[in-house]
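Sequence positions, counted from 1, serve as the residue numbers for this chain.
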Amino acid sequence: MVRLYPLNRLLPIFLQHYRYRNNYSHEEPPLLSSMSEEPQAETQNRYECKIQATSMFRGRMMVTVVTPSQAIAAEEAGACAVIPLDAPNMVLKTKEGALRATSIAAVNMIMDRVLIPVVGRVRVGHIIEAKAMEAAKVSCIDEHELINPITTAYVPETTQHIAFKDGHNGAYGYVHKVASARIYKQPFRVPFMCGASDLGEALTRIQEGASVIRTAYPADEDTHEVAKTFETVRKIADSICQIVDGDDAKLYGLQTTYGVSIELLRMVKQQKRLPVPFFAAGGVFMPVDVAMLRSMGCDGVIVSMRVFKTLSVEVRLNDIMTALAHYDNPDVLAEIVERSGGYGAKPTANG
């Protein structure tokens, strides 16, 4: 059975491909042996397309789901994407002893019911799982650190400098291949999302070809405390401020510390943020937390599955979207806090 992308999901990406590449085709991604032989212009154009496509995620939420009904609820609330799982992480650990990549069957089940982008999770460094997810027509791939990683990965021998243009202000930046246990993401036609615990890790993932950065999960997603998420976001925001306030000597020092290109650091200094969307993930399901994370510099949030344990899932998801849009409006936030029962220890019947 051939699975087709819903047009409203990938029409913007198709337009970008046709704009930059007149010879676009639906061929499979390059084989591993040809990754380092691909023309630089083709790789550059593909990365530009992915950067511009994921820029549509800014100011919105992704929601982790298990069932089609949860995915539909997230779509109706205005989520920009859903992240399907076979089962809650605690259930998978109990049954199988470890977390694993989301099955294609679970991904297909969700894709058959919603039109918004679907994100497939794979193991760190597992190129074949990533190629399988791309073949399944997911809209984004999450290289997830909590899933048992493999110890080796294909690393191209050559180094290419790849320019891309930011979709918001037209600024150009550069990334290049580096030796890493992570997947080299440039040959894939779908964007990648990766976790980071500090700015150096975030920039390294971008240098590998990531189009979305989220905060890393230091513990199981089902029990993750949002305080750890705040800590990571604050650490990355503080590091960005140091780059913005620093001079060229500071940038060259950070280039050595982080092991990333000076052009990428200059992009961060110029834009005063990461050059790709930055999402907060881990224990996020309270609207007041969402507003706080947004005010700290996050472009969006990944909502925990715990949101589906609230008394009114629809109201809570709508409140999260409202908090994302009106995080700087105290009057709107006061109404949300009252409706959600303060911090949420005793949620009201409406939230």
Side-chain angles (χ1 to χ4, degrees), residues 5-6 8-10 56-92 102-103 105-121 136-140 142 193 212 214 221-224 226 229 277 279-291 293-294 298-327 332-333 335-341 343-351:
Y5 282 115
N8 69 329
R9 183 189 303 171
L10 279 189
M56 296 184 293
F57 292 165
R58 297 184 190 274
R60 303 177 69 183
M61 65 178 178
M62 300 183 190
V63 184
T64 308
V65 301
V66 171
T67 66
S69 61
Q70 293 175 349
I72 292 172
E75 181 180 35
E76 292 176 347
C80 66
V82 291
I83 306 175
L85 302 178
D86 291 279
N89 289 337
M90 293 299 293
V91 175
L92 287 176
T102 306
S103 67
V107 170
N108 288 341
M109 179 178 63
I110 300 300
M111 289 178 62
D112 287 339
R113 300 297 297 275
V114 298
L115 296 178
I116 58 176
V118 175
V119 180
R121 283 184 173 175
K137 301 295 189 291
V138 297
S139 300
C140 185
D142 182 9
M193 176 167 62
V212 181
R214 56 166 173 76
E221 186 175 0
D222 295 338
T223 60
H224 184 80
V226 74
T229 303
F279 274 66
V284 180
F285 67 101
M286 285 300 301
V288 66
D289 291 337
V290 170
L293 290 166
R294 191 85 165 88
C298 291
D299 295 305
V301 296
I302 298 179
V303 180
S304 168
M305 285 186 59
R306 279 181 273 182
V307 73
F308 296 106
K309 297 181 181 179
T310 57
L311 296 181
S312 179
V313 175
E314 295 78 8
V315 172
R316 180 59 61 86
L317 289 173
N318 287 327
D319 283 346
I320 290 175
M321 284 298 297
T322 302
L324 284 168
H326 302 282
Y327 64 93
V332 174
L333 296 178
E335 296 177 4
I336 294 176
V337 171
E338 181 180 2
R339 182 163 53 246
S340 61
Y343 183 74
K346 296 180 179 179
T348 63
N350 293 326

(message) Working to the nearest 0.5 angstrom, can you tell me the gap between Gln70 CD and Thr64 OG1?
(response) 10.0 Å

(request) Would you check if the side chain of Asp142 reaches a backbone N or O of Gly120 as a donor-acceptor pair within less than 3.5 Å? (result) no

(message) Quick one: does any side-chain atom of Thr229 pair with a main-chain N or O of Gly282 as donor and acceptor, under 3.5 Å?
(response) yes

(message) Using modelled atom types and a 3.5 Å cut-off, is there a donor and acceptor pairing between side-chain atoms of Arg294 and backbone atoms of Leu324?
(response) yes

(request) Determine whether Val313 and Val315 make a side-chain contact, defined as any pair of heavy atoms from C-beta on separated by less than 4.5 Å. (result) no

(request) Determine, step by step, whether Met62 and Phe57 satisfy the side-chain contact (heavy atoms from CB on, under 4.5 Å) criterion, reporting the C-alpha distance in whole Å, the side-chain angles of both residues, the deciding distance to 0.1 Å, and the verdict. (result) CA-CA 9 Å; Met62 300 183 190; Phe57 292 165; 3.6 Å; yes

(request) Please report the closest heavy-atom contact between Ala281 and Arg214, naming both atoms and the distance. (result) CB-CD, 4.3 Å

(request) Report yes if some heavy atom in the side chain of Pro84 is under 4.5 Å from a heavy atom in the side chain of Val107; otherwise report no. (result) yes

(request) Taking the side chain as every heavy atom from C-beta outward, state whether Cys80 and Met56 have any atom pair closer than 4.5 Å. (result) no

(message) Any non-hydrogen side-chain atom of Glu314 less than 4.5 Å from a side-chain atom of Glu76?
(response) no

(request) Quick one: pull up CD1 in Ile116 and CD in Glu75 and give me the separation to the nearest 0.5 Å. (result) 5.0 Å

(request) Could you pull out the closest heavy-atom pair between Gly283 and Arg306, with the gap in Å? (result) CA-NH2, 3.1 Å

(request) In sequence, state the C-alpha distance, the side-chain angles, and the governing distance for Phe285 and Phe308, and then conclude on side-chain contact (heavy atoms from CB on, under 4.5 Å). (result) CA-CA 9 Å; Phe285 67 101; Phe308 296 106; over 6 Å; no

(message) Please enumerate all residues that pass side chain to side chain contact (heavy atoms under 4.5 Å, CB included) together with Asn318, with sequence neighbours excluded.
(response) Ala77

(message) Measuring from atom CZ of Arg339 to atom CZ of Arg316, what distance do you get when rounded to the nearest 0.5 angstrom?
(response) 10.0 Å

(message) One pair to check against salt bridge (Lys or Arg N to Asp or Glu O under 4.0 Å): Asp299 and Arg60. What are the steps and the verdict?
(response) CA-CA 7 Å; Asp299 295 305; Arg60 303 177 69 183; over 6 Å; no

(message) Let's go through Val307 and Leu317 carefully: what are the C-alpha distance in whole Å and the side-chain angles of both, what is the deciding distance for side-chain contact (heavy atoms from CB on, under 4.5 Å) to 0.1 Å, and is it a yes or a no?
(response) CA-CA 8 Å; Val307 73; Leu317 289 173; 3.9 Å; yes

(message) Which heavy atom of Arg113 sits nearest to which heavy atom of Met109, and what is that distance?
(response) CG-O, 3.4 Å

(request) Measure the spacing between NE2 of His326 and CD of Glu335 and express it to the nearest 0.5 Å. (result) 10.5 Å

(request) Not counting sequence neighbours, which residues clear side chain to side chain contact (heavy atoms under 4.5 Å, CB included) with Ala71? List them please. (result) Val65, Val82, Ile110, Val114

(message) Just so I know, are the side chains of Val138 and Val119 near enough to count as touching, which here means a heavy-atom distance under 4.5 Å?
(response) no

(message) Could you check whether any side-chain heavy atom of Val66 comes within less than 4.5 Å of a side-chain heavy atom of Met305, counting everything from C-beta outward?
(response) yes

(request) Could you tell me which residues satisfy side chain to side chain contact (heavy atoms under 4.5 Å, CB included) with Ala291, sequence neighbours excluded, listed by chain and number? (result) Ala323, Tyr327, Leu333

(message) Evaluate Leu293 against Cys298 for side-chain contact (heavy atoms from CB on, under 4.5 Å), listing each step before the verdict.
(response) CA-CA 6 Å; Leu293 290 166; Cys298 291; 4.3 Å; yes

(request) For the residue pair Ile302 and Val284, establish whether any side-chain heavy-atom pair is separated by less than 4.5 Å. (result) no

(request) Nearest 0.5 Å please: distance from the OG1 atom of Thr102 over to the CZ atom of Arg121. (result) 6.5 Å

(request) Calculate, to the nearest 0.5 Å, the distance between atoms OG and NZ belonging to Ser304 and Lys309 respectively. (result) 8.0 Å

